[in-house]
Number of protein chains: 2
Amino acid sequence: MELRHLRYFAAVAEEENVSRAALKLHVSQPGISRQIRDLEAEIGFPLFERSAKALRLTAAGKVFLTEAWEVLLHATAAVKKAREVAKGRSGEIHVGYAPSLTVQILPLLLRAFQGEFPQVRVALHDLSSEEMLTQLGSRKLQVALTVRPPAKLLRGLAFVELARYAMVVAVAPGHRLAKLKAITLAQVAPEPLIGLNRKDYPEYHAETKKLFAAIGRKPNFAEEHEGGTGIVAAVEAGRGLALVPSSLACIVGTRVKLIPLKPALPPIRMGALWLKENNAELMKKFVAAATSAGFDSKPV
Amino acid sequence: MELRHLRYFAAVAEEENVSRAALKLHVSQPGISRQIRDLEAEIGFPLFERSAKALRLTAAGKVFLTEAWEVLLHATAAVKKAREVAKGRSGEIHVGYAPSLTVQILPLLLRAFQGEFPQVRVALHDLSSEEMLTQLGSRKLQVALTVRPPAKLLRGLAFVELARYAMVVAVAPGHRLAKLKAITLAQVAPEPLIGLNRKDYPEYHAETKKLFAAIGRKPNFAEEHEGGTGIVAAVEAGRGLALVPSSLACIVGTRVKLIPLKPALPPIRMGALWLKENNAELMKKFVAAATSAGFDSKPV
DNA sequence: TTTGCGGAAATACCATGTTGCTTGCCTGAC
DNA sequence: GTCAGGCAAGCAACATGGTATTTCCGCAAA
């Protein structure tokens with residue numbers, strides 16, 4: 001059974017007349033006749049009662065007619081629905097994000113994107129950098145909003161920078177270093193350091209070690225957390241200092257003090273990351289929305 | 001687009017591999033490849049992302065896959081559903097009935113039929129004999145349960161008798177004739193006669209006139225009603241006598257007295273009526289149920 | 001790094017089957 | 001008898017599906 005059979009059948013049933021149906025369908029009358037006959041043979045019961053002059057639907061034919069219409073409409077609706085997705089006008093996009101780095105950008109971006117594509121469902125996933133890379137690869141994510149990965153991990157990935165944030169030192173307000181206008185890495189080195197956990201953020205650890213090695217010291221890691229909020233809480237509790245991006249400014253309020261480093265470290269570059277070979281329309285549109293939203297890209 | 005395209009697409013999408021899908025579908029790999037390409041060309045967007053080694057569904061392809069499955073399942077379900085109707089195992093049957101004549105039979109018949117065919121919806125229509133005949137012709141009814149029509153109206157119709165009822169005289173209990181064990185037509189003739197209305201039951205009027213003409217009298221019609229219940233009410237109210245079938249016995253109780261005629265008139269033959277050329281399975285089964293239910297067919 | 005090799009899809013080309021057309025016949029209604 | 005309408009037969013065209021072949025890309029070994 002093919003849709004053609006259903007189309008012909010629906011036309012004949014509607015007209016109750018093969019010849020008129022043939023005109024409407026732009027095929028010959030015997031052609032229709034035979035298709036109907038084939039259909040009846042295949043399904044095993046008659047759809048029409050024949051008299052020499054006309055056809056009349058059988059009871060089964062009437063039922064089949066309503067069903068056939070539904071099938072036909074469903075088929076065209078299926079194409080339409082999928083086409084909307086293909087054009088990126090509807091669908092679903094999975095976006096990974098690093099909360100502490102996207103605190104400022106994400107709300108703006110989401111608002112801009114959803115305003116333009118209200119039919120699109122944006123699924124947000126709070127993931128570690130590590131997880132983002134693997135899930136981009138396995139296509140569970142289409143886009144990741146995170147720090148720019150080191151070049152060796154950028155194989156097959158594309159990245160556009162959306163913002164830069166200076167690295168600053170987070171200090172509890174009562175801490176003896178809290179009064180300073182700027183802090184050197186050497187001053188940080190002896191203090192207990194609060195950081196991200198090694199498992200999820202291996203790059204973070206490597207980078208931090210390198211920073212301190214450059215001045216002949218070692219980081220004094222005291223605690224590891226899963227995200228920025230945990231780190232801030234630990235710092236506020238007076239358990240140590242933390243090196244954090246200035247993007248956290250807007251969520252720490254007066255709970256901890258953020259003090260610039262002297263000399264300044266290279267800024268954190270955060271942006272959108274996606275699989276080069278992935279050419280999903282929605283992904284492109286999301287990235288386009290992110291870049292064109294015009295965020296301040298200078299270190300804060 | 002044909003169902004074949006959807007079948008092939010679904011198989012390929014499931015296997016994510018054209019060759020395996022080809023094996024499953026028992027067609028060659030290039031055949032599938034081309035059908036998929038044709039489909040993509042027709043709908044205007046790609047369903048798969050091709051790499052030399054494998055296919056991967058696009059986002060639109062995923063959406064289309066679920067829709068395609070629904071279409072395919074719906075198509076087979078449509079056949080199944082219609083087939084059930086064709087076999088008379090489900091569906092709908094419209095049955096006309098004359099309430100006063102079917103009071104005894106109808107409940108038994110419906111119970112027997114619904115017990116055997118629980119999936120069938122029986123739509124009952126309380127109609128005059130006249131309406132039943134026209135609606136049988138126009139196929140609004142499949143079966144009519146009514147008095148046997150005169151031969152000249154039986155053109156194209158089939159009839160099986162289900163019961164016979166004697167014609168009796170309905171009298172109010174206080175009426176002076178109510179004491180009699182039997183009544184002659186001559187005794188009825190002078191009394192005001194309650195009957196069915198002329199418009200809906202022309203045959204009834206013709207027959208009644210003939211009866212009285214046979215004894216050289218004329219019926220003294222005083223009131224016309226639309227059905228047995230109205231007639232009984234009128235008789236009970238003392239407005240006159242009525243000639244009614246004995247089938248009414250079970251609903252009049254003691255409200256009116258039913259007195260046999262002497263000599264007895266030919267009995268009323270009631271039964272099932274249907275269009276000869278109609279060979280709807282359900283109709284046949286309904287008639288079969290009616291005949292095999294084995295109602296008492298002797299005059300009561 | 002380069003070079004085969006292997007697996008898988010795409011392409012080319014051909015045969016067959018199916019669709020659809022034309023013609024002609026049959027039936028029932030007017 | 002004529003006409004409308006459906007059906008059957010025969011034929012042409014086209015689409016499907018098959019076989020053989022090519023291409024593409026990943027992978028392993030030199």
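In what follows, every chain begins at residue 1, and chains take the letters A, B, ... in the order their sequences are listed. Side chains included, hydrogens not; waters and symmetry mates left out as well; all remaining heavy atoms used.
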So R4(B) and Q35(B), side chain to side chain donor-acceptor pair (under 3.5 Å) or not? Walk me through it.
CA-CA 8 Å; R4(B) 172 172 26 83; Q35(B) 292 299 318; 2.6 Å; yes
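- Put simply, the side chain of R20(A) gets close to the backbone of E15(A): a donor and an acceptor are under 3.5 Å apart.
- Atom CD of E42(A) and atom P of dT18(C) are 12 Å apart (whole Å).
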Any chance you could lay out the side chain to side chain donor-acceptor pair (under 3.5 Å) test for E203(B) and H205(B), step after step, and finish with the verdict?
CA-CA 5 Å; E203(B) 291 306 321; H205(B) 273 261; over 6 Å; no
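- Here the side chain of D38(B) is nearest to one of dT16(D), dG6(D), dT19(C), namely dT16(D).
- The aromatic ring centres of F48(A) and F9(A) sit less than 6.0 Å apart.
- Between the side chain of Q29(B) and the base of dA10(C) there is at least one donor-acceptor pair of N/O atoms closer than 3.5 Å.
- Nucleic acid contact for R50(A): sugar-phosphate only, since backbone atoms but no base atoms lie under 4.0 Å from a heavy atom of the residue.
- Comparing dA9(C), dG20(C), dA12(C) against the side chain of S19(B) picks out dA9(C) as the nearest.
- Comparing dT16(D), dA12(C), dG6(D) by their nearest atom to the side chain of V18(A) picks out dG6(D).
- Positionally, the nearest nucleotide of DNA chain C for R20(B) lies more toward the 5' end than for the other of R37(B) and R20(B).
- Checking dA20(D), dG20(C), dG5(D) against the side-chain heavy atoms of R34(A) singles out dG20(C) as nearest.
- Residue F286(B) is tested with F113(B), W274(B), Y97(B) for a ring-ring contact (aromatic ring centres under 6.0 Å, His included); the sole match is F113(B).
- Within 4.0 Å of F48(B), counting heavy atoms only, lies no atom of the nucleic acid at all.
- Following rounding to the nearest Å, Q35(B) (CD) and dA9(C) (C1') show an atom-to-atom distance of 16 Å.
- When heavy atoms are screened at a 4.0 angstrom cut-off, S28(A) is found touching base atoms of the nucleic acid.
- A straight line from CD of E49(B) to P of dC25(D) spans 14 Å, rounded to a whole angstrom.
- Candidate nucleotides dA20(D), dG17(D), dA9(D) were compared by shortest atom distance to the side chain of P30(B), and dA20(D) ranks first.
- Across the protein-nucleic acid pair, N17(A) atom CG and dA4(D) atom P stand 12 Å apart, rounded to whole Å.
- Between L39(B) atom CG and dT16(D) atom C1' the separation is 15 Å, expressed in whole Å.
- The neighbour count for K80(B) NZ, taken as heavy atoms of other residues, nucleotides or ligands under 6.0 Å away, does not exceed 12.
- Among the nucleotides dT19(C), dA9(D), dG18(D), the one closest to the side chain of V27(B) is dG18(D).
- As rounded to whole Å, 18 Å separates atom P of dC14(D) from atom CD of E2(B).
- Nearest nucleotide to the side chain of L55(A), out of dT16(D), dT23(C), dG6(D): dG6(D).
- The side chain of S33(B) lies closest to dA9(C), out of dT16(D), dA9(C), dG20(C).
- In this structure, Y8(B) atom OH and dG18(D) atom C1' are separated by 12 Å, rounded to whole Å.
- Rounded to a whole Å, the CZ atom of R56(A) is 15 Å from the C1' atom of dG6(D).
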